[in-house]
Amino acid sequence: MPELAEVAYYCSLWSPGKGRRIKRVQTHGATRCFRESSGESVENKLRGRTLKDSRTHGKRMLFQFSKGAWLGLHLGMTGKLVIRKPFEELQKHDHLALETSAGWLVFNDPRQFGKVELFQSEDLPDEWANFPLEILSLEFNYKYFEQLLGRRKRAVLKSLLLDQTLFPGVGNWMADEILWKARIRPDRRLESLSTTELKALFDTLKFVCRGAMKYVATDYSDPPKSWLFRHRWKPGGICPKTREDLSRSEIGGRTTCWSPAWQR
DNA sequence: ATGCATGTTACATG
DNA sequence: ACATGTAACATGCA
């Protein structure tokens, strides 16, 4: 589920907890989400701390607590954040739940591809200090974009867009949306693009990220029907531009949807 | 029962 | 160094 905008949305769901003390922490200690650390260490670290701030970068989330404690979350494929009422029963895949006076701040993830990690530092943790530029930042301009692609001439576009070190936050549906909007086939290689196409790719990259933030990040509403998003998973889905059938196949290990009559 | 899923990583291979 | 393919992870859904 979660890409750039979905992550921003879920992150915002914990905002009612800001400024509140963590009265109690519940975990299911040994689930995969905790990786090398344990649920117990997370409990000990966060109990009694106050949630001060939160941020996202691409698909990652970071929560800052008092006394230099930081909680990093990645939602994987099926993770989400949710608030449960103070006396509400926790559910089956609630791996981490922080009790505050505003209710439980819950991380839920059935498939457990998500990840929970703790950092201890006064300032932003080192792991977060050197991330690539965010796509929607001002500094992520066309010149930077060209420079990013410098060594990747042979790469297939679909795979390239999914590279989190280049385009943090772009996931499967956004990559397809970007290529569809730019009218470029997902199986093309970077080296085959004309200057015009490269510029179109940059513009649609920004466009799709902005649109995703506008629609999805605010209240989890779907993008409009003019987007591929609304048609790509429907059996017999139709391209909103040509009204013709969409195609689907695996590219770079991921199911990919495109419009053969529209994309070249 | 089968196949598939908005993600990442490790590993083998070219 | 770059690129590709596969498996693995663990669960729910059609």
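The chains referred to below are lettered A, B, ... by the order of the sequence lines, with proteins before strands, and numbering in each begins at 1.
Taking side-chain N and O atoms only, A/Q112 has a distance below 4.0 Å to OP1 or OP2 of C/dT11. When the side-chain nitrogen and oxygen atoms of A/K153 are compared with OP1 and OP2 of C/dC2, none of them lie within a distance under 4.0 Å. A/R152 has a side-chain polar atom (N or O) that falls below the 4.0 Å cut-off from OP1 or OP2 of C/dA3. Taking 4.0 angstrom as the limit, A/H93 places none of its side-chain polar atoms (N or O) nearer than this to OP1 or OP2 of C/dA10. Not one side-chain nitrogen or oxygen of A/H74 sits closer than 4.0 Å to the OP1 or OP2 atom of B/dG7. At the phosphate of B/dA5, OP1 or OP2 sits under 4.0 Å from a side-chain N or O atom of A/T255. Taking only side-chain nitrogens and oxygens, A/R154 never comes nearer than 4.0 Å to OP1 or OP2 of B/dG14. Listed pair A/K115 / B/dT9 fails the phosphate criterion, with no side-chain N or O lying under 4.0 Å from OP1 or OP2.
Atom CZ of A/R232 is separated from atom C1' of B/dC4 by 13 Å (rounded to the nearest Å). At whole-Å resolution of the value, CG in A/L162 and P in C/dA3 are 14 Å apart. Between A/M77 atom CE and C/dT11 atom C1' the separation is 11 Å, expressed in whole Å. Rounding to whole angstrom units, CG of residue A/D109 and P of B/dA5 are separated by 18 Å. Atom P of nucleotide C/dG5 and atom CD of A/E250 are separated by 9 Å, given to the nearest angstrom. Distance, A/R111 CZ to B/dG3 C1': 12 Å, rounded to whole Å. The interatomic distance linking A/L161 (CG) with C/dA3 (P) rounds to 13 Å, in whole Å. Rounded to a whole Å, the CG atom of A/L166 is 13 Å from the C1' atom of C/dC2.
Minimum atom distance to the side chain of A/N172 is reached by B/dG7, of the listed C/dT4, C/dG12, B/dG7. Closest to the side chain of A/R254, from the set B/dG7, B/dT8, C/dG12, is B/dG7. Of the candidate nucleotides C/dA3, B/dA5, C/dC9, C/dC9 has the atom lying nearest to any side-chain atom of A/R32.
No side-chain heavy atom of A/L46 sits under 4.5 Å from any side-chain heavy atom of A/L51. When side chains are defined from C-beta on, A/K153 does not count as touching A/R189, because their heavy atoms never get closer than 4.5 Å.
Pairing for C/dC2 is with B/dG14, a Watson-Crick or G-U wobble pair whose two hydrogen-bonding atom distances lie under 3.5 Å. Base pairing annotation: C/dC13 forms a Watson-Crick or G-U wobble pair with B/dG3, both donor-acceptor distances under 3.5 Å.
Using a 4.0 Å heavy-atom distance criterion, A/R35 is classed as making no nucleic acid contact. Among the protein residues, A/G253 comes within range of no part of the nucleic acid, since none of its heavy atoms lies under 4.0 Å from any strand. Across all strands shown, A/A175 has no heavy atoms under 4.0 Å from either base or sugar-phosphate atoms.
Both thresholds, 5.5 Å between centres and 30° between ring planes, are not jointly met by A/F113 relative to the base of B/dT8, so the two rings are not stacked.
Other residues, nucleotides and ligands place no more than 12 heavy atoms under 6.0 Å from the NZ atom of A/K181.
Under a hydrophobic-cluster definition in which Ile, Leu, Val, Met, Phe, Trp and Tyr are linked whenever side-chain heavy atoms come within less than 4.5 Å, directly or via other members, A/Y144 and A/L193 are assigned to the same cluster.
At least one donor-acceptor pair under 3.5 Å links the side chain of A/E3 to the backbone N or O of A/W173. In this structure a side-chain-to-backbone donor-acceptor pair under 3.5 Å is present from A/S221 to A/Y215.
Within 3.5 Å, no donor on the side chain of A/R151 pairs with an acceptor on the base of C/dA1, nor the reverse.
With salt bridges taken as basic N to acidic carboxylate O contacts below 4.0 Å, none links A/K158 and A/D187.
Using P as the reference atom, C/dA1 and B/dT8 are 23 Å apart when rounded to the nearest Å.
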